[in-house]
Amino acid sequence: MIPMVDLKGQYQTLKDEINKGFEDTFENTSFILGPNVQAFENEAADFLGVKHAITCASGTDALHLALLGAGIGPGDEVITTSFTFIATAEAISYVGATPVYVDVRPDTFNIDPDLIQAAITPQTRAILPVHLFGQPADMAAIMAIAAQHDLMVIEDCAQSIGADINGQMTGTIGLAGCHSFFPSKNLGCYGDGGMVTTNDDSLAETLRMLRNHGSKVRYHHDIIGFNSRLDELQAVVLRTKLKRLASYNKERRRAAHTYSRLLKDVVTPPHEDGIGNHVYHQYTILSEQRDAIMQKLTDNHIGSAVYYPIPLHQQKVFADICRGVSLPVTEDISRRCMSLPIYPELTDDQISSITEIIKSAV
Ligand SMILES: *Cc1c(COP(=O)(O)O)cnc(C)c1O
């Protein structure tokens with residue numbers, strides 16, 4: 001039996017360190033914005049090479065707070081991709097702005113910069129690229145378009161923590177980077193968690209207030225904020241795992257490359273465009289025989305999943321704003337894509353048995 005993600009094996013190797021941190025926290029009872037949250041924010045900022053790392057309660061909140069902090073609101077349009085998790089667009093809707101969907105590149109599934117220009121209107125305020133499945137979007141092209149039209153860029157890094165473009169980490173290139181620590185993400189905690197990264201001092205200050213009831217000084221409230229803090233126990237887990245993130249991502253790449261070597265004549269493996277370093281949050285293939293492959297894997301107790309079966313522009317919730325929107329590449333990919341189990345501990349032997357089953361299904 002091989003699941004999509006296996007967090008149990010990893011916990012066994014981290015158990016002593018995490019349990020010790022938990023016990024210390026239980027003893028000192030500093031549960032909210034305590035020493036581990038502070039230390040994790042410093043360590044994450046160092047690791048990513050960014051001035052500010054502001055943790056919050058989830059990746060969805062990171063997107064929401066970043067958009068709010070950037071001053072995006074009702075009447076504004078934000079250009080993004082339809083081939084992503086709903087949270088990307090939900091956050092745009094939370095602030096009263098409208099998501100405007102642009103098609104993706106057929107090989108990387110990331111937003112196609114060549115199509116952004118045509119989607120820009122006088123209402124456009126920002127571009128929100130997603131580094132999908134762990135592969136950096138074409139940030140050089142996106143930043144150039146943004147500069148030309150005076151737009152902000154907010155990066156959805158929920159799947160890409162640790163991925164870089166020529167040494168510069170995703171989440172440190174645009175105005176803000178939004179990260180998720182959902183358990184199955186490349187850097188996952190044991191519950192919900194999120195973070196915004198930025199080099200902008202004033203945005204960082206606003207974000208620190210927004211996540212904590214609009215307050216800089218206790219019981220002094222300057223703006224309407226939220227209760228959106230990372231809790232101390234999650235920070236313990238994240239500090240333990242951050243030290244190992246580079247090696248975890250390396251193992252994900254090893255697993256992905258083993259898959260691709262074994263599958264390249266059977267299905268369309270993921271394409272690395274060389275723009276950045278792919279950290280394989282998901283290993284996603286394309287095949288006309290998707291259903292047969294998934295059935296065979298299920299029969300053999302091997303996990304698989306479709307990310308994403310219904311693109312956002314075809315979701316009921318966006319029916320009103322997406323009437324007549326057609327994104328042929330996104331629609332084609334969502335019909336043929338499927339993701340296979342991937343995590344740092346997945347062995348080459350396991351991968352070879354998975355690929356043998358896939359070969360027998362097509
Ligand atoms: C996971 C994810 C989010 C949301 O993160 P949560 O921590 O689950 O709220 C946002 N965008 C993308 C692309 C994601 O994969």
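Residues take their numbers from the sequence shown, with the count starting at 1. Remember, it's 1-based here, ligands and their atoms both numbered in the order they're listed. Please read all numbers here as calculations on a predicted model, not as lab measurements.
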List the atom of Leu7, the atom of Pro183, and the distance in Å for their closest heavy-atom pair.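 Residues Leu7 and Pro183, closest heavy atoms: CD2-O, 3.6 Å.
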Distance-minimising heavy-atom pair for Ile154 and Pro129: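 The answer is O-CD, 3.2 Å.
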Give the residue, atom name and distance (to 0.1 Å) of the protein heavy atom nearest [atom].
{"atom": "atom 12 (C) of ligand 1", "result": "Ala158 CB, 3.4 Å"}
{"atom": "atom 11 (N) of ligand 1", "result": "Asp156 OD2, 2.8 Å"}
{"atom": "atom 1 (C) of ligand 1", "result": "Lys185 NZ, 1.5 Å"}

Is there a nitrogen or oxygen of Gln159 sitting under 3.5 Å from a nitrogen or oxygen of ligand 1?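 Indeed, backbone or side chain, Gln159 has an N or O that close.
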Ser180-ligand 1 polar pair, N/O distance under 3.5 Å: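 Ser180 vs ligand 1: N/O contact under 3.5 Å present.
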Is the distance between the ring centroids of Phe85 and Phe182 under 6.0 Å?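 Between Phe182 and Phe85, which both carry aromatic rings, the centre distance is not below 6.0 Å.
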Option of least heavy-atom distance to atom 10 (C) of ligand 1 (set: Gly134, Cys178, Gly191, Ala87):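 The nearest heavy atom belongs to Ala87.
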Find all atoms of ligand 1 within a distance of less than 4.0 Å from any non-hydrogen atom belonging to Thr60, and give their numbers and elements.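 So the atoms of ligand 1 that pass are 4 (C), 5 (O), 6 (P), 9 (O).
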Check ion pair Asp16-Lys20 (N to O, under 4.0 angstrom):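 Looking at Lys20 together with Asp16, the answer is no, because their closest N to O distance does not fall below 4.0 Å.
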With the threshold set at 4.0 Å, does a side-chain nitrogen-carboxylate oxygen contact exist between Arg335 and Asp332?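 A salt bridge is present here (some side-chain N lies under 4.0 Å from a carboxylate O).
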